[in-house]
Protein chains: 2
Amino acid sequence: MSPSTRDRPAKAPLSREAVLQAGLKVLRAEGIEGVTMRRVATELDTGAASLYVYVRNRQDLLNQMFDEVIGEIDLGDAPDPKRWRDQLTALLHASRVAMDRYPGIARVPLANVPTGPNAVRAADRMLGILRAGGVDDRSASWFVDVVSLYLNAASYETSIYVEEGREHDDVDEEIRDAFSQLDPADHPNITALMPMLTAGDGDERFDFGLQLMINGLLNTEPPKI
Amino acid sequence: MSPSTRDRPAKAPLSREAVLQAGLKVLRAEGIEGVTMRRVATELDTGAASLYVYVRNRQDLLNQMFDEVIGEIDLGDAPDPKRWRDQLTALLHASRVAMDRYPGIARVPLANVPTGPNAVRAADRMLGILRAGGVDDRSASWFVDVVSLYLNAASYETSIYVEEGREHDDVDEEIRDAFSQLDPADHPNITALMPMLTAGDGDERFDFGLQLMINGLLNTEPPKI
DNA sequence: ACCTGAACACCGTTCAAGT
DNA sequence: ACCTGAACACCGTTCAAGT
């Protein structure tokens with residue numbers, strides 16, 4: 001005789017939403033390597049095979065999880081010609097913060113172009129800000145691509161340390177160690193620039209790259225297309 | 001009675017070099033996902049356990065393979081103040097070509113800062129070119145970081161298609177398909193810019209990003225460090 | 001329609017036993 | 001010192017059998 005449903009806590013029914021939330025929970029706690037079908041299934045008190053009703057495969061699960069993460073980004077207010085540069089910078093920083101909460105998720109948009117609803121909405125917003133700023137349509141189109149690659153790579157790189165449970169400072173020290181053992185005659189530039197190569201925190205360096213690209217945008221001919 | 005060594009082809013003895021070459025052969029043919037310890041061992045007619053004399057683990061094997069790939073890059077002639085910009089562009093294009101020959105290898109430098117001899121030599125050369133061009137030391141130091149993230153992300157993205165056996169054109173079509181199904185009212189900018197968003201080949205787009213960053217470098221204050 | 005256990009074909013890494 | 005087979009603890013995915 002099976003116990004009445006009254007006597008045991010109701011098990012939440014499976015759903016696409018439940019699978020995604022379980023996946024995101026594992027991702028936050030253990031990083032992208034920890035997001036295995038079996039691990040996510042355990043979180044839902046079921047077996048891996050049960051997930052295949054809601055996702056096509058692991059890659060599809062990760063793609064859908066990525067779009068959820070992008071959905072957390074505050075897109076800010078409507079594009080404003082007077083504040084476009086600040087709006088663009090804010091949007092990109094917000095994107096980085098959102099992705100950094102989920103260690104390794106940035107590998108997903110590097111591995112295939114995102115076409116989820118939230119990713120598409122964010123891309124459209126970025127294009128809107130650039131156009132509000134008077135940026136040429138051709139430059140704006142390609143800029144979104146370029147800056148997204150940079151954003152994703154930057155987030156992926158920092159999140160890897162999180163996943164490995166190492167501190168950014170420890171990694172810095174390792175790099176300094178490796179560089180300081182180099183023969184100065186063979187590596188005059190690295191030797192001379194050592195202090196600057198590892199200076200600044202991740203955010204400062206990321207922002208430097210962003211400003212570089214935005215200033216470049218204002219000083220580069222649109223592509224001939 | 002074992003046959004005389006005369007009677008059978010000598011099996012090449014294992015060595016660090018042999019393991020790396022076997023790994024690179026598998027990488028070229030099957031992409032980074034195909035580079036498993038077991039697969040590389042098979043290439044050497046042995047078992048996976050035998051590789052652990054020469055590499056600490058799979059990540060270490062990939063790190064060492066990456067440095068071999070970087071070793072294939074032609075660093076060009078000595079930094080020349082008159083030609084620094086062309087030299088910089090050429091070095092970055094050569095880096096991309098080298099990595100693109102090995103599908104997915106670009107994920108390695110995204111996952112941990114490369115400190116192999118060839119990677120360090122290439123970084124020193126890039127710094128040398130920037131300094132020859134009169135770029136401020138602080139800007140040069142951070143620029144190497146920024147442009148490397150971009151380079152690695154760009155190479156990783158294109159190589160993923162290779163690994164999946166898909167053509168770049170097919171992917172383009174998929175993206176166009178996804179975009180054309182969007183509600184124009186919700187996505188006015190993507191809709192308006194559709195033709196440009198997917199225009200140009202990978203090389204043109206990559207070069208646009210490079211010129212953006214170099215022009216940005218010439219129009220951005222050095223970081224305050 | 002949804003869920004499940006078991007099976008299949010893989011992984012990386014370790015270790016005792018060999019040479 | 002180097003090499004190996006076997007074992008351990010995992011994977012993603014499929015499928016027949018259940019409800």
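Keep in mind the model is a prediction, meaning the values are calculated, not measured. Letters A, B, ... are given to chains in the order of the sequence lines, protein chains preceding strands, and every chain is numbered from 1. Side chains included, hydrogens not; waters and symmetry mates left out as well; all remaining heavy atoms used.
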Once you round it to whole Å, what is the distance between [atom2] of [N] and [atom1] of [X]?
| X | N | atom1 | atom2 | value |
| --- | --- | --- | --- | --- |
| B:M37 | D:dA6 | CE | C1' | 17 Å |
| B:D45 | D:dT4 | CG | C1' | 13 Å |
| B:L61 | C:dT13 | CG | P | 10 Å |
| B:R58 | C:dT13 | CZ | P | 8 Å |
| A:L44 | C:dC2 | CG | P | 16 Å |
| A:L51 | D:dC11 | CG | C1' | 14 Å |
| B:R38 | D:dA9 | CZ | C1' | 11 Å |
| A:I32 | D:dC11 | CD1 | C1' | 15 Å |

For [N], what is the paired nucleotide under Watson-Crick or G-U wobble rules, both distances under 3.5 Å?
| N | value |
| --- | --- |
| C:dC10 | none |
| D:dA17 | none |
| C:dC3 | none |

May I ask you to verify if any side-chain N or O of [X] is less than 4.0 angstrom from the OP1 or OP2 atom of [N]?
| X | N | answer |
| --- | --- | --- |
| A:S50 | C:dT4 | yes |
| A:T36 | D:dC11 | yes |
| B:Y54 | D:dC2 | no |

When you measure from the side chain of B:S159 to the backbone N and O of B:S155, does any donor-acceptor pair fall under 3.5 Å?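 Yes; at least one donor-acceptor contact below 3.5 Å.
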
Between the side chains of B:E157 and B:R205, is the shortest nitrogen-to-carboxylate-oxygen separation below 4.0 Å, so that they form an ion pair?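 Not counted as a salt bridge, because no side-chain N and carboxylate O are separated by less than 4.0 Å.
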
Can a salt bridge be assigned to the pair A:R39 and A:E33 using a cut-off of 4.0 Å between side-chain N and carboxylate O?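 No, A:R39 and A:E33 are not salt-bridged.
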
How far apart are the closest heavy atoms of B:S95 and B:L151, and which atoms are they?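 In terms of heavy atoms, the two residues are closest at CB-CD2, 3.8 Å.
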
Say you pick atom C1' in D:dC10 and the same atom in C:dC8; how far apart are they, in whole Å?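 Nearest-Å result for D:dC10 against C:dC8 at atom C1': 15 Å.
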
Nucleotide nearest A:Y52 when distance is taken to its side chain, options C:dC3, C:dG12, D:dG12: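 Among C:dC3, C:dG12, D:dG12, the one nearest the side chain of A:Y52 is D:dG12.
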
Checking contacts here: which listed nucleotide (D:dT14, C:dT13, D:dG5) is nearest the side-chain heavy atoms of A:A49?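 Out of D:dT14, C:dT13, D:dG5, the nucleotide with an atom closest to A:A49's side chain is D:dT14.
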
Check for me whether the distance between the ring centres of B:Y150 and B:F206 falls short of 6.0 Å.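 Yes - the distance between ring centres of B:Y150 and B:F206 falls below the 6.0 Å cut-off.
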
